[in-house]
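A short worksheet on the structure shown next.
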Amino acid sequence: MKIATWNVNSLAVRLPQVLDWLAANPVDALCLQELKLSDDKFPLEALAAAGYQSAVFGQKTYNGVAILSRNPARNIVKNIVGFSDEQSRVIAATLDTPQGELRLVNSYFVNGQAPGTDKFAYKMKWLEGLRSWLGQELAAQPKLVLVGDFNITFDDRDTYDAEGLRETIHHTTEEREHLKALLGLGLHDAFRLFEQPEKSYSWWDYREFAFRRNRGLRIDYILVSDALKPAVQSCVIDKLPRKNERPSDHVPVIAHLDLL
DNA sequence: ATGGCCGAGCTCCTCGGA
């Protein structure tokens with residue numbers, strides 16, 4: 001079973017690239033973030049023609065998430081249960097596999113702008129809400145995968161400039177403590193379960209030739225629960241789509257799980 | 001030089017992103 005996550009930064013713009021990518025990478029499930037479109041604008045038919053069903057939680061202009069899957073997604077939940085939110089940032093679904101079911105949670109974490117701002121305060125509240133809810137989800141379904149754009153670096157390996165960006169947004173101790181607290185629920189960063197190339201990133205700014213200079217951040221993750229950890233066969237970042245015409249600033253991350 | 005580049009929208013400037 002292959003699960004992927006990709007912040008597409010407008011599905012209206014990126015749909016052709018998503019279809020091309022799925023043709024080349026026929027994963028079982030693809031989680032999208034930053035759709036930037038309302039549900040009525042979602043390209044259900046084009047994705048169905050490509051062999052994917054869609055569970056969609058859209059929003060006009062900002063945010064918006066979706067789970068595309070080859071098999072039907074069940075028990076769909078939108079946003080964090082118990083945390084009131086105007087923004088469409090989370091969609092969860094149960095997927096059936098030949099070896100049983102698993103819970104897939106797709107999240108577009110709050111950016112947070114800068115420490116000390118209202119947006120940063122919202123990010124901290126949101127992270128608290130997410131952790132509290134995920135604890136319940138894990139109790140109900142121990143086979144859980146949390147994917148998405150986390151907008152936080154785990155540690156200095158995940159940034160092109162650990163010293164220069166210390167305690168700036170995506171790098172603060174406070175954000176990283178929240179990320180560690182998520183791992184404390186019994187989750188594992190699938191990417192770090194394996195040897196990886198130095199300076200592996202999943203996002204590069206559009207400015208300053210950042211991709212060409214590999215000045216990026218790793219902020220897109222696939223976290224697997226204790227019960228699924230032994231099943232993870234690989235986790236890779238696919239940098240190829242960043243070379244496309246009109247690319248998203250993020251690239252896909254793919255995990256291969258063998259649930260036997 | 002605190003910018004640079006993108007996408008969206010009550011679009012020709014402003015906001016948000018990371």
Side-chain angles (χ1 to χ4, degrees), chain A residues 5-19 21 31-43 56-66 85-90 106-127 130 147-176 178-179 191 199-221 237 239 241-253:
Chain A
T5 176
W6 192 6
N7 178 326
V8 290
N9 186 19
S10 169
L11 185 58
V13 172
R14 236 64 70 185
L15 178 62
Q17 295 181 44
V18 170
L19 293 170
W21 190 85
C31 296
L32 301 177
Q33 304 90 36
E34 280 209 90
L35 306 177
K36 295 188 174 180
L37 45 74
S38 49
D39 287 7
D40 58 303
K41 300 270 172 47
F42 189 89
V56 184
F57 186 30
Q59 185 182 332
K60 187 182 176 184
T61 311
Y62 304 114
N63 313 306
V65 286
D85 198 347
E86 298 292 308
Q87 306 185 12
S88 303
R89 295 187 171 276
V90 179
N106 175 23
S107 304
Y108 174 47
F109 284 48
V110 178
N111 177 312
Q113 195 177 46
T117 64
D118 289 348
K119 287 173 185 172
F120 191 85
Y122 164 53
K123 184 175 195 171
M124 296 305 112
K125 290 275 188 197
W126 188 93
L127 286 162
L130 178 72
V147 312
D149 172 0
F150 284 59
N151 272 323
I152 305 171
T153 56
F154 269 104
D155 57 50
D156 289 353
R157 292 174 296 176
D158 300 327
T159 177
Y160 68 95
D161 187 3
E163 293 305 320
L165 295 172
R166 200 166 293 288
E167 296 302 333
T168 65
I169 194 67
H170 315 305
H171 301 72
T172 67
T173 303
E174 200 173 350
E175 291 167 283
R176 287 176 174 175
H178 275 287
L179 207 42
F191 190 75
K199 300 180 168 60
S200 287
Y201 306 126
S202 65
W203 170 89
W204 299 262
D205 201 297
Y206 284 119
R207 297 166 290 190
E208 296 187 285
F209 307 104
F211 181 64
R212 208 169 73 189
R213 300 160 71 192
N214 197 28
R215 293 165 63 90
L217 305 176
R218 191 177 74 96
I219 48 180
D220 300 88
Y221 305 129
I237 296 172
K239 288 167 70 170
R242 195 63 174 76
K243 300 176 196 276
N244 291 346
E245 293 278 330
R246 292 188 84 184
S248 171
D249 39 3
H250 297 253
V251 296
V253 183

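Chain identifiers are assigned alphabetically (A, B, ...) following the order of the sequence lines, protein sequences preceding nucleic acid strands; residue numbering begins at 1 within each chain. The basis for the numbers below is simple: all heavy atoms, side chains too, and nothing from hydrogens, waters or symmetry mates.
Under 3.5 Å, the side chains of A/Q33 and A/D149 contain no donor-acceptor pair of N or O atoms. A/Y122 and A/D85 share a side-chain donor-acceptor pair at under 3.5 Å.
Between the P atom of B/dG7 and the CD atom of A/Q17 lies a distance of 10 Å, rounded to the nearest Å. With rounding to whole Å, A/R213 atom CZ is found 14 Å from B/dC5 atom C1'. Look at CD on A/Q33: it is 14 Å from C1' on B/dG17, rounded to the nearest Å.
Each of B/dA18, B/dG17, B/dA8 was ranked by its minimum atom distance to the side chain of A/R89; first place goes to B/dG17. Checking B/dG7, B/dG4, B/dC10 against every side-chain atom of A/R14, the shortest atom distance belongs to B/dG7. Nearest nucleotide to the side chain of A/L217, out of B/dG9, B/dA18, B/dC5: B/dA18. The A/I219 side chain lies nearest to B/dA18 when the options are B/dA18, B/dC6, B/dG4.
Of the P atoms belonging to B/dG16 and B/dG4, the separation is 16 Å, rounded to the nearest Å. Comparing the P positions of B/dC6 and B/dC10 gives an interatomic distance of 23 Å, to the nearest angstrom.
Between A/N7 and B/dA18, a side-chain N or O to OP1/OP2 separation shorter than 4.0 Å is present. The phosphate of B/dG17 has neither OP1 nor OP2 within less than 4.0 Å of any side-chain N or O from A/R207. A sub-4.0 Å separation between OP1 or OP2 of B/dG16 and a side-chain N or O of A/T61 is absent. Contact annotation: A/K119 side-chain N/O to B/dC15 OP1/OP2 distance is not under 4.0 Å. Between A/N111 and B/dA18 there is a side-chain N or O to OP1 or OP2 distance below 4.0 Å. Proximity of A/Y201 to the phosphate of B/dA18: no side-chain N or O atom is located under 4.0 Å from OP1 or OP2.
Using the six-membered ring where Trp is involved, A/F211 and A/W204 have ring planes that are perpendicular, over 60° apart on the 30 and 60° scheme.
Side-chain N/O atoms of A/N151 and base N/O atoms of B/dA18 include no donor-acceptor pair closer than 3.5 Å.
Because its NZ or CZ atom is both nearer than 6.0 Å to the ring centre of A/F209 and within 45° of the ring axis, A/R212 counts as a cation-pi partner of that residue.
No engagement by A/Q113 is indicated, since no non-hydrogen atom pair under 4.0 Å with the nucleic acid exists. A/F209 comes within 4.0 angstrom of nothing in the nucleic acid, heavy atoms only.
Contacts of residues 241-250 of chain A with DNA chain B (heavy atom under 4.0 Å): A/R246, A/H250.
A distance-only check finds a donor-acceptor pair linking the side chain of A/Q59 to the backbone of A/S88 [under 3.5 Å].
We find that A/D156 and A/R166 are joined by a salt bridge, their nearest charged nitrogen and carboxylate oxygen being less than 4.0 Å apart.
Partner A/N151 forms a side chain to side chain contact (heavy atoms under 4.5 Å, CB included) with one of A/D220, A/L217, A/N111 and no other, that one being A/N111.
Between A/I169 and A/K123, the closest side-chain pair of non-hydrogen atoms falls below 4.5 Å.
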